[in-house]
Structure formats: C-alpha cells, structure tokens
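Ligands are counted one by one from 1 in listed order, and the atoms in each one are counted from 1 as well.
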Amino acid sequence: MSERETWATRAGFILAAVGSAVGLGNIWQFPFKTAQFGGASFLLVYLIAALGIGIPAMLAEFVIGRKTNLNTIDAFEKLGYRNWRIVGAIGLATGFWILSYYSVVGGWVLRYIGGSITGAYFSDPAAYFGQVSAGPEALALHAVFMALVVGIVALGIEDGIEKATKLMVPSVVVMLVGLAAFAFTLPGASEGYAYFLSPDFGALAANFTEIVPFAVGQAFFSLSLGMGAMITYASYIDGDESLFADSVTIVVLNSFVGILAGLVVLPLLFAQGIDPNTSGAGAVFVSVATAFAELPAGQVLGFVFFVVVLIAALSSAISLLEVVVSWAVDNTSYSRPVIATGLGGVIFALGIPSAWDTAWLTWFDNLAYQLLLPLSVLGILVFAGWVFGRPALGELLKGSDFGDGVGLTWLWTARTVVIVAVVGTLLLGLQTLFVGGAIVPPL
Ligand code: PHE
C-alpha cells in the first residue's frame, strides 16, 4: 500500500478543520438563534457550551485520529477495541447522511449566486425560493455542488483539501468583514446590532430549558463533531503538536465567524425593516434575498454574500465526503479519484428525495440532528473517556506544554459533564422524534 497522506503544515490542518466547522450552521442558524434567544446573554451560553463541551469532545476525536492515523472505523480496531468500530461506523453513516442534504442546500446557494447576478429573485423572493428549492432545478444544482466537492476531495489531502481551505477560509473572513463594514453604513443598522447583541436575560431565563440543549447541539454541529470528520482530519496529522492549542484556535475562529455573520445579516435586515424572526432554512434565504432586492447595490451584495456562503458550505462538505473516502482509501485498492466519484454518486442519490421535496430535507435533518449526531458523539466520548481512558491522556499531552493536571481535567470533564450534556441532548432529540412525531417520513 502506498504511504498514507498527511497535511503539509500544522496551519494547513487547522485551516482545514476551521473550514469544516465554518459552514451553513454559522451563517444561517447562528445569528438568528442568537438574536432570538437573548442576544449577548445567549452568546455567553453558547461560548460556554463550545468551550466547555465542544473542546473536550473535539479533543476526544483528535486523540483517536492522531494516535491511529486511520479512518474513523479502523481507528478503533487499531487501538485494540474491535467491537467499538460500530461507533466509527455510526459516525461515518452520519456524515454520509448529512452530506446528502447539505449538498442540496449547497445547490440552492449556487442558484442564489446566479439569481443575484441576473436579479431573478428581486421581484418576489418568496416565490423564487419556492420555485428553486425543490424539483428538477434543485436536483441539477445538487449534482453540481456534489461535483465540486468530489473534485476537491479527489485531489487528495495536501493538494486538494489543504490547498483549497487555505484559500477558502481567509476569503470567507475577508469578505464577511467587508460585508459587515458595508452593513455598518446603512441607516437603521444600529437596531440590528441592538437586536443581535444586547443581553436579554429575560428571554434567556424564560426559555432556558430549550436554550441550553440547543446551545449544546449547535456547538456539536457547528464544530463538526460526531461524524468522524475531526477523527479523519486528525488522522492526517504528521508529528506532534499541541492538540489543546489547535482545538482552542478552531473553536475561537468558528465562533468569530458566527458573530461576524450576525454583524452582516442582522443590520442588513433591520435596515430594510425585515423581521428576522423567521424559522427554517428557506425563510432565511427569503429574508436575506428580500434585503438585497431592496438595496441599491443589491446585485453585487447578493453575489458576494452568496459566494461567501458557498465557500463556507463547500469547505464543510469536503470534510464530510472525506470521512467516507478516507475509509475506502484505507481499505480498497481503488484510486482516490475513483473512490471520491463513486461515493459522491451514492451520496447524490441519497439526496434526491431532499432535492425533490423540502419536507424530505427536513426529515433527513431531524434524524441527523436529534438522533445520529448525539448518538455518535456519545459513543466517541464514552470510548475516549472510559474505555480508552488513560492512554488517551498520553496522546493528548504529546506535543503540548501542559502538564498532567490539564490532561486529567480533560479526562474527567469528558467523562462526566460532557457525557451528561450529550445524554441530555440525546433524550430531548428522542422526544422530538418519537413524541413530537418527527420520525415519521413525509410519504
Ligand atoms: N460545521 C458545519 C456547519 O456549521 C456542518 C458540518 C457538520 C460540516 C459536520 C462537516 C461535518 O455548517
């Protein structure tokens, strides 16, 4: 077998992981939920969840990946726990599942880039969304988006993913800063900031039991945990570096981009007098498009904005495809391009129902969010904390200046607080699925 690929540089790994983390979650969900759940006071809860729960969970994945240099399934076997491959398999299946509809939304974004150039959505944004979000057009663009993802992954770790994300992540930040600066100049923008950032402890207290699980779930999804993505990316690390330092960098940058997105979207909406209190992926597309339709330079702004969203979505999608591709590269003798194309094709097929009818997309999303993700994170944490345990500590401390104290803090946090938080999230998810009825497919 040829030698396994690695990242060329440490920065390359970090940027790829940030690229995975920064995605649709940061730009669509984050600003809106923050505003709705109490602004700055929710931000605080989210940051506590991301740092206190996200970092320990991310470290668990990093340790498994770097220690074994293997894909998310075989890693468990190499550590000596063959039966635990099931946890890796759940993660891999979750990534597969999520990418199938993530790519459909990526297709919408492509459509909106075109629609900004031609001004197609300007006259009736709501009707436009209805028309492009499901059916033949959505299906075609789902295929295009998937082809882009396959193209990057086929080029490999260093020449594909690392080179691409090195370009993509800084571009996203620069363009968002530019858009935020523009939004700042709009009359009425200050109301947007007030809505986004003023702490509303009343709203926080009133919905606390809903907010905490949401913050935890959002931290997992946004940090790309629970689908083998971080295990896989860490498996390409060559050499020892401080995983602590890397994970803090990734979490901070990810939160920063979410906040930046809020500083773009909310002032834009308020300046145009659009109610941001809408729910669902579609509603967000419609509200932002409505703002662009009314602004003087709307075509250019819309174009830049949706290009940012596209890049963010792409750099996340490649990490999802890489999880499965990595497994096939480690286990078969086919070439990476053949594998990426074949698996990309299967994932495309799985996404057909979501592209055809948004009710399917919602169903797929619910199942991933409420069941697969928390289940997979739980499996990884129980494994890293309780089963693998002490040897995980050794791996974690390699290349770091921190002493055993920090390592033990990680171990016990992962074993207790984090597991409790994940079990809570999982139970609530099960309730949504089985009591709330979200498990029933939209047949
Ligand atoms: N973190 C991405 C986002 O916020 C989603 C994602 C999840 C990407 C899992 C890859 C793996 O949109």
Once you measure the plane-to-plane angle for [X] and [Y], does it fall in the parallel (<30°), tilted (30-60°) or perpendicular (>60°) bin?
X      : Y      : result
Phe214 : Phe42  : tilted
Tyr236 : Trp7   : perpendicular
Phe306 : Phe292 : perpendicular
Tyr369 : Phe221 : tilted

Can you list every pair that meets salt bridge (Lys or Arg N to Asp or Glu O under 4.0 Å) and has a residue in residues 244-271, with sequence neighbours left out?
Arg10-Asp246

Could you name the protein residues that come within less than 4.0 Å of ligand 1, counting only heavy atoms, and order them by chain and residue number?
Ser20, Ala21, Gly23, Leu24, Gly25, Asn26, Tyr102, Phe221, Ser222, Ser224, Met227, Ser316, Ser319, Leu320

Which atom names give the shortest non-hydrogen contact between Gly226 and Ser376, and what distance separates them?
O-OG, 2.8 Å

